[in-house]
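Everything below concerns the one structure shown next.
When reading the values below, keep in mind they use all heavy atoms of this one structure, side chains included, and skip hydrogens, waters and symmetry mates. Just so you know, residue 1 is the first one in the sequence shown, and it goes up from there. Bear in mind that the values here come from a model prediction, so they are computed numbers and not experimental data.
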Amino acid sequence: MPYSKKRFGVPQNLHVIGTMNTADRSIALLDTALRRRFTFKELMPNPAVLSPNVGGINLQKLLTTINDRIEYLFDREHQIGHAYFTGCTSAEAVEDVMRHKVIPLLSEYFYEDWSKVAVVLGDGPQGPSRFLEARRLTAPPGIAADDFSGERLRWRVKDQFDFSEFAP
């Protein structure tokens with residue numbers, strides 16, 4: 001040890017396993033330093049480890065669909081890991097994960113651009129509303145509606161989710 005000068009070691013049968021989310025770029029320098037010193041094995045989300053029927057929700061299809069959409073809109077490094085759903089044993093548990101973990105993470109990924117979060121979730125102002133609701137905002141008095149490009153929407157997370165797209 002550097003200060004005590006005592007000898008320190010670990011048994012040969014001890015393996016140190018660490019996890020790191022590569023989407024977190026704030027630790028890029030640490031990531032580079034660790035990659036020079038250790039072996040890394042990529043572990044991408046694996047929907048096959050999830051149940052095809054938890055309370056009428058096919059978790060494999062749910063995770064695959066969300067991750068395909070994330071990869072299309074953003075990149076493969078920001079996919080949702082299967083670990084979020086491994087403890088789900090009921091539709092209520094899946095809804096809780098979506099409401100308190102997945103949707104806030106998507107909001108962070110897309111910098112509060114709720115239209116992109118809606119696309120990942122399969123929602124839209126004209127299409128079905130499964131997880132989010134969009135309400136058109138009208139221009140305030142004194143501001144011409146054509147002063148801003150495109151329509152303005154107020155997005156809200158629904159009280160009840162509709163998982164019908166992910167039925168077993």
Side-chain angles (χ1 to χ4, degrees), residues 10-134 153 155-168:
V10 294
Q12 291 217 351
N13 64 346
L14 177 68
H15 298 276
V16 178
I17 299 173
T19 63
M20 183 181 327
N21 183 349
T22 58
D24 189 353
R25 296 296 176 205
S26 65
I27 58 171
L29 294 176
L30 176 62
D31 181 36
T32 302
L34 290 171
R35 287 180 188 277
R36 286 195 312 260
R37 292 168 176 85
F38 298 99
T39 301
F40 278 73
K41 179 180 179 189
E42 180 178 67
L43 297 174
M44 294 303 288
N46 182 4
V49 302
L50 299 174
S51 173
N53 189 354
V54 171
I57 303 166
N58 183 334
L59 292 181
Q60 294 174 356
K61 184 176 180 183
L62 173 67
L63 185 63
T64 299
T65 302
I66 288 173
N67 281 338
D68 285 350
R69 292 169 179 167
I70 290 171
E71 188 170 357
Y72 183 85
L73 289 171
F74 205 1
D75 63 31
R76 71 188 289 272
E77 300 298 323
H78 286 79
Q79 293 182 51
I80 305 297
H82 55 269
Y84 281 102
F85 296 100
T86 54
C88 294
T89 57
S90 67
E92 292 79 20
V94 176
E95 185 167 322
D96 189 58
V97 167
M98 291 296 294
R99 182 177 309 281
H100 300 292
K101 295 180 181 177
V102 173
I103 292 174
L105 184 60
L106 293 173
S107 173
E108 182 181 323
Y109 281 175
F110 294 109
Y111 303 100
E112 303 292 325
D113 183 344
W114 286 91
S115 62
K116 288 184 180 171
V117 175
V119 169
V120 170
L121 298 173
D123 289 353
Q126 280 76 30
S129 176
R130 295 181 180 95
F131 300 94
L132 304 175
E133 289 178 330
L153 300 172
W155 292 93
R156 182 181 87 74
V157 178
K158 292 180 71 169
D159 294 330
Q160 297 258 311
F161 291 160
D162 172 10
F163 290 98
S164 60
E165 178 184 1
F166 309 105

Using the ring-ring contact (aromatic ring centres under 6.0 Å, His included) criterion, which residues pair with [X]? Sequence neighbours excluded.
X	result
Phe110	Phe74
Phe131	Phe161, Phe163
Tyr72	none

Pairs flagged by side chain to side chain donor-acceptor pair (under 3.5 Å) wherever residues 94-105 is involved - sequence neighbours left out: Glu95-Arg99, Asp96-His100
Only pairs at least two apart or in different chains count here, so list each side chain to side chain donor-acceptor pair (under 3.5 Å) that has a residue in residues 36-49.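 Every pair satisfying side chain to side chain donor-acceptor pair (under 3.5 Å) with a residue in residues 36-49: Glu42-Arg76.
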Measuring from atom [atom1] of [X] to atom [atom2] of [Y], what distance do you get when rounded to the nearest 0.5 angstrom?
X	Y	atom1	atom2	answer
Glu71	His78	CD	NE2	12.0 Å
Ile57	Leu50	CD1	CG	12.0 Å
Tyr109	Leu73	OH	CG	13.5 Å

Only one of Thr65, Val119, Leu106 passes side chain to side chain contact (heavy atoms under 4.5 Å, CB included) with Ile70, and that residue is Leu106
My understanding is that only one of Leu105, Leu63, Leu59 makes a side chain to side chain contact (heavy atoms under 4.5 Å, CB included) with Tyr84; could you say which?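 By the side chain to side chain contact (heavy atoms under 4.5 Å, CB included) criterion, Tyr84 pairs with just one of Leu105, Leu63, Leu59: Leu105.
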What are the two closest heavy atoms between [X] and [Y], and how far apart are they?
X	Y	result
Pro168	Pro52	CB-O, 3.4 Å
Ala91	Gly55	CB-O, 3.7 Å
Asn67	Ile80	OD1-N, 2.6 Å
Thr89	Val54	C-CG1, 3.5 Å
Pro47	Gln60	O-CG, 2.9 Å

Can you list everything that forms a side chain to side chain contact (heavy atoms under 4.5 Å, CB included) with [X]? Sequence neighbours excluded, please.
X	value
Glu108	none
Ser129	Glu133, Lys158
Glu112	Ser107, Trp114
Asp162	Arg130, Ser164

Any salt bridge (Lys or Arg N to Asp or Glu O under 4.0 Å) pairs touching residues 60-69, not counting sequence neighbours?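 Counting only pairs at least two positions apart or across chains, the salt bridge (Lys or Arg N to Asp or Glu O under 4.0 Å) contacts touching residues 60-69 are Arg69-Glu165.
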Kindly indicate whether the side chain of Val157, heavy atoms from C-beta on, has any atom under 4.5 Å from the side chain of Leu132.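 Val157 vs Leu132: side chains touch.
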What pairs with Asp113 under side chain to side chain donor-acceptor pair (under 3.5 Å), at least two apart in sequence or on another chain? Ser115
Checking Glu92 now: which residues fulfil side chain to side chain donor-acceptor pair (under 3.5 Å) with it, not counting sequence neighbours? Ser90
